[in-house]
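Naming: A, B, ... by sequence-line order, numbering from 1 per chain.
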Amino acid sequence: MKSPPDGRFPPRLAAGGWAPLLAQSRGGFESLWVPGVVSLRAGSSGHAGPESSYDRSDYVQGFTTRKKATENGRCITKLENMGFRVGQGLIERFTKDTARFKDELDIMKFICKDFWTTVFKKQIDNLRTNHQGIYVLQDNKFRLLTQMSAGKQYLEHASKYLAFTCGLIRGGLSNLGIKSIVTAEVSSMPACKFQVMIQKL
Amino acid sequence: MEWFLVTSAAVILFLQNYPLYIRSVPTENELKFHYMVHTSLDVVDEKISAMGKALVDQRELYLGLLYPTEDYKVYGYVTNSKVKFVMVVDSSNTALRDNEIRSMFRKLHNSYTDVMCNPFYNPGDRIQSRAFDGMVTSMMIQVC
Amino acid sequence: MEVWPGRRLRRGPDPAGDLRPPRGRPPTSSGPTSYLSLLEATSDLGDALPVVRLQLDSARGAGRPGRRARPEGAPLFAPSGRRLCSWPCAGRSFLAGTASSRRTVPSGPAEGLPALGCERGRSLRAVVVFGAGDQNLFTSIYPTLSQQLPREPMEWRRSYGRAPKMIHLESNFVQFKEELLPKEGNKALLTFPFLHIYWTECCDTEVYKATVKDDLTKWQNVLKAHSSVDWLIVVVENDAKKKNKTNILPRTSIVDKIRNDFCNKQSDRCVVLSDPLKDSSRTQESWNAFLTKLRTLLLMSFTKNLGKFEDDMRTLREKRTEPGWSFCDYFMVQEELAFVFEMLQQFEDALVQYDELDALFSQYVVNFGAGDGANWLTFFCQPVKSWNGLILRKPIDMEKRGLIQRQEATLLDLRSYLFSRQCTLLLFLQRPWEVAQRALELLHSCVQELKLLEVSVPPGALDCWVFLSCLEVLQRIEGCCDRAQIDSNIAHTVGLWSYATGKLKSLGYLCGLVSEQGPNSEDLNRTVDLLAGLGAERPETANTAQSPYKKLKEALSSVEAFEKHYLDLSHATIEMYTSIGRIRSAKFVGKDLAEFYMRKKSPQKAEIYLQGALKNYLAEGWALPITHTRKQLAECQKHLGQIENYLQTSSVLASDRHLTESEREHFCREVVGVARRQAGSPGHKIVLPMHSFAQLRDLHFTPSNAVVHVGGVLSVEITVCSQMPVPVHVEQIAINVHFSIEKNNYRKTAEWLTKHKTANGIVSFPAESSPFPTSQNSLPALELCEMFERSPSDNSLHTTGIICKNVHMLLRKQESGASLEAPSGAALEAGAHVLKCAAVTLEPGPNTITFRTQAKEPGTYTLRQLCASVGPVWFVLPHIYPLVQYDVYSQEPQLHVEPLADSLLAGIPQKVKFTVTTGHYAVKNGDSLQLSNVEAVLILCHEENRAVIYSNMREKAADAALRVQSSDKVTSISLPAAPAYHVIEFELEVLSLPSAPATGGEGTMLGVTEPRGKPKDTQKAGHCMATTDHQVSIDCPWSIYSTVISLTFSMPFRTTHSLLSSGTRKYVQVCVQNLSELDFQLSDSHLVDTGDSTGLRLIPLNTESEQRIHSKQAVFFVWELKWTQAPPPCLHCRFSVGFSPASEERLSVSLKPYTYEFQVDNFLTLYNVRAEISPPPGTELCKTGSLCSLEVSITRLSDLSEVDKDEALTECDECFSTKLMYEVVDNSSNWAVCGKSSGVISMPVAARATHRVHMEVMPLFAGYLPLPDVRLFKYLPHHSAHSSQLDADSWIENDSLSVDKHVDDQVDSGSVQSRGSVRSVASSDHKGLPMPRLRALPPGQAFNASAGTQVLVVPSQDDHVLEVSVT
């Protein structure tokens, strides 16, 4: 996970390794307010369910040659897995002093506010849910993309920068007892969307 | 001397209720502890399920006294990541009030967090961390 | 109800009697006692009933309907007293009972008063002593008073910032007696006279002065003496009296008198009540005023006294560090307070009092444990003598209270009394579940405290106490809740149940009731002692069947009874636990039950419980409990004689790390021993899973690629890690192998196995899964991939992202993992193919076992099961995973022949590699390959030919000399002896005779005869070599058919020849091109005339004989032809040149030279053509644009010869002439030919006959211009029909000729002009007609002498105005 060489960037991220972040204890949180953090329009989330995104994967195969895709997929998956493990550790630390969560939504809010703030120095700009286990987290200025967001030039590489974060979310959630699948989508950088599909167990 | 016979066992349990870490002094009636702690899980589960409905301020990680037995007190603690801590203290050990127990649990939780954040630790495995052992030992000595 | 006062009046009871204790207590006894004596009295509803009634009814009489009467009445008085007897009938709840009693009581007049509705239940019953005054007055007023007083609630402000409460006041009115006034240091609150009222009705001063005043003063003095300041004087006025009395003072005077006589400054202490018995508004308001006053005062006084009491109590508590301080005394005091609160329905407050006492006591005990003991505690440290459990059926357990009061209570007494009170209050507060919970804590803490205080307790006494107490509490709770409530609150009570169960169990063990031979003598003694400690059953439970007391007695009475009770309890407990989902706890109780059954020697009952528990522990991976339970299970199974299960369990145990070595060895011995014993019954197999016995670590094949040929030897070496603590001797270890015919034959070949090598042939198996289920792994790993979404319009990327490809799999619910203990799969399958290894002793830890097998049938063998047999016991690893296979193949012998180089060149010896794959055929000595020879190919055999023999693994096996004998027909190569499945490799040199294959160019090609050789003409393909295939048939010893192999040789050279002439002299040029990659050395080139015509000589003009020709180069050879007499029209030549590869120094064999044959014919020069351009006359140089004359002279060089004999030859007067056609063409367009550029001439066939043609040409450029070249054709007249030979050009020529063939010689220029047009016409109409023909002369025949000569042309001055006009 390389991070943009950005002074404003959290030094621990810039340091490249996540271990320092893991090691350092979570600083004091100021309670945050996400503008319109949850729009309670049931089922109104712009994203369809898993099957549609599955269709899209086929649709994608049309463009990328299968071999390249699989090869790419492998490193994406690897990045995601790294993120997963890191996420587990982070969430353990971040939730150490918080009260027990009321429900799923409560947890998602935590991810959007505290978790995001501690990792990315900002919070998720918008969280939407269809109340059927699908959440869409939108970050309008995603830290890892800001450095390459001038124009569409690097759009095709954006997903590599999202994989790790997908893992972070998934790891965090799973450690809080929510099994999920996290996918991401960028159309106009640096804004990006993370879609969380909760696995009903 | 007698005070050292006063036993206390710190046990950590994972989400699936299998032990991640068990430690008890003295070791002779370890088995008894295991049975006791295992049974206490029932209460932990009850408390957790009840916890969902509770108000925010009551939703603290410390579950308090799970249940007293004739000669032991079993206390519980559940992290947000659903890791259950159970501590068994000799009930004749009246020095330990609720607050001491709570703070002990916090200490446990802290060092558990460190274990979790150790990239070489594979979540779900039994904990074999010297640091953790040391912490628990010190805690037990303080208890005994 | 109003009748009561009346009756009371009639009986004229002595109110003091209310307080006089029954049973002749000394009247000196302090308040509480006397008060409580009432309570006591209530408990036995005998003699004191009227008294009770009085108390009670003064409450009732106040118009309180039952609803009011109950709340303060119930706990202390008759209603609850009545309940007492009705308690044991379970199910009819006490609280419910009161509820119903509320309903049943008829509603008095006070009913429907709003104030009561809301404030019901809070009331103060104050004792009011009323002064003498006149009885009649009071009695007349009393009813109204006592009815009116409680109507209005008063706000009760409390000290220490406690919340104010609204309470109703009602009072006991008692006649004033001096001795009733409390003494100093009085601790009684309940009977405290809170307010003294003096009633008077007098209205005239005389009477007042005479009697009332004195009376009042006396009264006041008494009060002062007792320093009680709460008093009130009531003056009742009656208009009736006033009427008949005439001489009357203003009414106020009396009041005023009293006021200034007695109540100085506090004038409010005297109130007027005017005609109380009338019903007028005036009456009403005077009543109200009075009542308010009364209430206020009453309450004031009460609060004051209460506060005082509390303060006293606190000060008393503060003294607790002083030596003399006694807990019991303090207890009594604080309990008094509690009583008051209870009476006030302030149950919380009451409870608080007891809790404080409780806490205080516990603290003392703790401190005692910590070292500093208060001496009073030693009372409680006296040894426990009676352990009858809690008593909760009475509101107040008087005898225990007595004990405490007398400071004789043991710790248990104190505790149980304390708890019984708390219990009572909690029940009033309708918190029965808290009772259960507190009870459990109490029991635990009692046990602890006894330990802490080192109180000597006879063995089992505590168990009895706890058992009884548990049941008592449970029954008490059941007594006041209905079934539904109880069922929904099992969670609270179940703790008590299991505690009781446990205690009963330990009692059972203590009293030897669990052993199957029953209790022995000292068991019995112990039992008797225990029962003695219970004392006699208490009266209140005496007539209930199920009382705890009875239960315990019965349970301890006999083995059977105990079993019955114990089982009942256990089952009840288990059931409850399961019903509230506390499975683990249920299992735990179940385990105890199992132990019990084991003790009772009925293992079949125990088993299920053990199994259940074990399953649970396994599922949650609790190592120690698993081990422990397994041990029990093993014993159980042993008793049950379930050999198989027993062996399995004990094998697992033997491998259990958590057991001590000795234990493990024990179980190991068990396994082996049982196996030995079972050995008697042959055939019968006991199949057990392997993993507990030993674990397969890895497996190693040799050969490492696990492929062997038929008959080859394969060895499998496995490493098993024995889990047993001691060495175990195993009769045999076997691997069941599944055989399947291999589908694809390719796998069977040697190539496959040489290519396809597994990683050094070691298959390692994962170690046994960790004891606890790792459910993380249950999910399939998610597969992500990038997605790129491009806008359909322009293919530009507009969205990227990450998507998950296997969502459908992940979102599916995962099924729970199967049980870990899986002996199910261990079915022993009997395969035909088995690898065996007999009599192995497995040491603890890793052992290596080697199986050897000889491959029989070709195919694939899959290792299925691993099983080790100890006697009839078979430990089976049902599935060997990952899949392990080995292949057996058989292979046909094969011969491969291929050249070493990429292509074989003809003419030079080259190596060819022979590879004999022996396959299943073993090559014997004398086996040989028979090569049927081919003339063109010969096999060069040297002595140093050697064959190398490789094994299939490409390891060099041997190296033998190779004998090659070649006769003319066959070459036989005798192979060295080689075993099957080996490879023999050797190289031979072959040489095919060089021969020029068909090459183009002039001259027919007579190549070397090539038997069976199909020359491929590769001329078209340009510069690639001509090749020749040679089929060699080889007879192999292993088959009757002969293998035919084809060797393709390619010719390194291409040769062309050409004839050159100068004048009459002739030369032959041969060009040799080297097409191969090699360089060659060419030596002694020869050109010989094969058709040896005499007098013809070929003189070589080549300089050196040796010549090197490099790859892709050409070399030219030239010979001059000389002849003496007339040479033959055609000449056959053979060119031959020796060649050898330039690289190699000396070749073994002498190589055949390369030959090339060709023929040249009519090479003699017949005509000599000479052209000359002469400048125009008068100039010595040609000028551009100026016409010059071209003179072409054609000279016949030889006389008539054979070659001239053709149809063109014409004879006239014996001089022959032939027709020739000339043509002047200037391709380089240097010249413009003016006039006819071609013509036909008849040439006399005679030497030196010359024909000249003149024409005009004009140079178009300046400079040295080459002459236009002159072509000569033989002109054949049309009657000769050989049109086939004509080519297009000659047609055209003929064509034009045919137009003007009449005009013979002189061909005018006009015809040339019109030629184009005419030709077109002609071509149209003269089609198909027989035409004269032209034939080009062979190059040798016409010699152009002026070829290459040039003429100087100077530019003309005005060449820019040059115009070419051809006229």
Side-chain angles (χ1 to χ4, degrees), chain B residues 2-3 6 9 11 13-24 27-50 65-74 82 84 86 89-97 122-128, chain C residues 362-363 365-367 369-370 437 440-449 451-452 462-463 466 491 494-495 498-499 502-503 506 577 580-589 591-592 613 616-629 658 770-778 817:
Chain B
E2 195 173 0
W3 274 120
V6 173
V11 182
L13 306 159
F14 198 61
L15 190 55
Q16 282 74 20
N17 292 329
Y18 58 76
L20 285 182
Y21 182 90
I22 302 191
R23 181 77 172 286
S24 62
T27 42
E28 52 263 22
N29 46 10
E30 196 174 2
L31 177 63
K32 190 176 169 195
F33 283 136
H34 285 221
Y35 277 125
M36 200 184 313
V37 173
H38 182 257
T39 1
S40 73
L41 286 182
D42 282 333
V43 190
V44 174
D45 292 346
E46 269 180 17
K47 290 206 180 228
I48 291 174
S49 54
L65 178 67
L66 295 181
Y67 69 84
T69 70
E70 211 168 86
D71 26 18
Y72 296 102
K73 292 208 187 73
V74 187
K82 304 286 183 298
K84 301 164 187 168
V86 174
V89 178
D90 193 312
S91 44
S92 68
N93 184 344
T94 46
L96 285 176
R97 294 260 162 274
N122 178 14
D125 290 358
R126 288 186 187 262
I127 295 175
Q128 290 141 333
Chain C
S362 321
Q363 191 50 51
V365 176
V366 168
N367 296 349
Q437 177 193 340
L440 202 52
E441 286 166 18
L442 166 85
L443 299 178
H444 289 141
S445 63
C446 282
V447 175
Q448 277 306 317
E449 284 172 343
K451 265 199 211 123
L452 223 59
L462 265 184
D463 300 341
V466 171
V494 70
S498 59
Y499 199 20
K503 285 307 177 187
S506 52
Y577 270 135
I580 58 170
R582 293 195 186 178
I583 303 305
R584 302 183 187 85
S585 317
K587 298 282 184 226
F588 190 61
V589 180
K591 270 188 81 275
D592 285 349
N616 185 319
Y617 298 140
L618 281 169
E620 299 184 349
W622 284 75
L624 261 56
I626 287 172
T627 312
H628 180 241
T629 318
H658 294 93
S770 49
F772 48 81
T774 52
S775 72
Q776 284 90 348
N777 312 353
S778 64

- Query: Does the ring pair (Phe, Tyr, Trp, His ring centres under 6.0 Å) test come out yes or no for C:Phe588 and C:Tyr617, once each step is laid out?
  - Reply: CA-CA 10 Å; C:Phe588 190 61; C:Tyr617 298 140; 8.2 Å; no
- Message: For C:His444 and C:Tyr499: C-alpha separation, side-chain torsions, deciding distance, then whether ring pair (Phe, Tyr, Trp, His ring centres under 6.0 Å) applies.
- Response: CA-CA 10 Å; C:His444 289 141; C:Tyr499 199 20; 4.8 Å; yes
- Starting from the C-alpha separation in whole Å, work towards a yes-or-no answer on side-chain contact (heavy atoms from CB on, under 4.5 Å) for B:Phe33 and B:Ile22. CA-CA 10 Å; B:Phe33 283 136; B:Ile22 302 191; over 6 Å; no
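Taking CG of B:Leu41 as the reference point, atom OG1 of B:Thr39 lies at 8.0 Å (rounded to 0.5 Å).
Contact annotation for C:Lys591: only side-chain heavy atoms (C-beta onward) come within less than 4.5 Å of a heavy atom of chain B. In this structure, no portion of C:Leu443 lies under 4.5 Å from any heavy atom of chain B. C:Ser362 does not touch chain B: none of its heavy atoms, backbone or side chain, sits under 4.5 Å away.
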